[in-house]
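Whatever order the structure lists them in is the order used to number ligands and atoms, beginning at 1.
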Amino acid sequence: MELICPLCNGLYEIKVICPICQNNMIDKGPIVNYLDNYSPYLPDEIISKVDGVPSYKCIHLFKCLRCKHDKRVEVDRVYF
Ligand SMILES: [Zn+2]
Ligand SMILES: [Zn+2]
């Protein structure tokens, strides 16, 4: 079994409602995709190689297409 992010791996999607306009927000992917060099959030590939330091959250960026608001959502990793 492996600890993975269900969103990154396409297991399921979650619904996030925009706090500003109540529109559905779309998943823009893990936040690590938007940061260069330094990031406290490492991608799955790197995390799985770090012994004894499990990460239980994957931070995704959700964006509202109507009002352009964006929001970070912590996604619980699951055993798969
Ligand atoms: Zn993810
Ligand atoms: Zn909105």
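Seen from the Zn ion (ligand 1), atom SG of Cys58 and atom NE2 of His60 lie 110° apart in angle, a value rounded to 10°.
Asn24 places a side-chain heavy atom less than 4.5 Å from the side chain of Ile17. Looking at Leu7 and Ile14, their side chains come closer than 4.5 Å, going by heavy atoms from C-beta outward.
Note that NZ of Lys71 and CD1 of Ile20 are 9.5 Å apart. Values are rounded to the nearest 0.5 Å.
Counting only protein N, O or S atoms closer than 2.8 Å to the Zn ion (ligand 2) gives 4.
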Throw together a table of side-chain donor-acceptor distances under 3.5 angstrom for residues 60-68, partners on residues two or more places apart or in other chains.
unit_1	atom_1	unit_2	atom_2	d
His60	ND1	Asp27	OD1	2.9
His60	ND1	Asp27	OD2	3.2
Arg66	NH2	Asn23	OD1	3.4
Lys68	NZ	Leu65	O	3.4

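By the 6.0 Å contact criterion, CD on Gln22 is enclosed, its count of non-hydrogen atoms from other residues, nucleotides or ligands being greater than 12.
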Determine, stepwise, if the pair Ile59 / Arg72 fulfils side chain to side chain contact (heavy atoms under 4.5 Å, CB included).
CA-CA 6 Å; Ile59 315 294; Arg72 293 175 182 201; 3.9 Å; yes
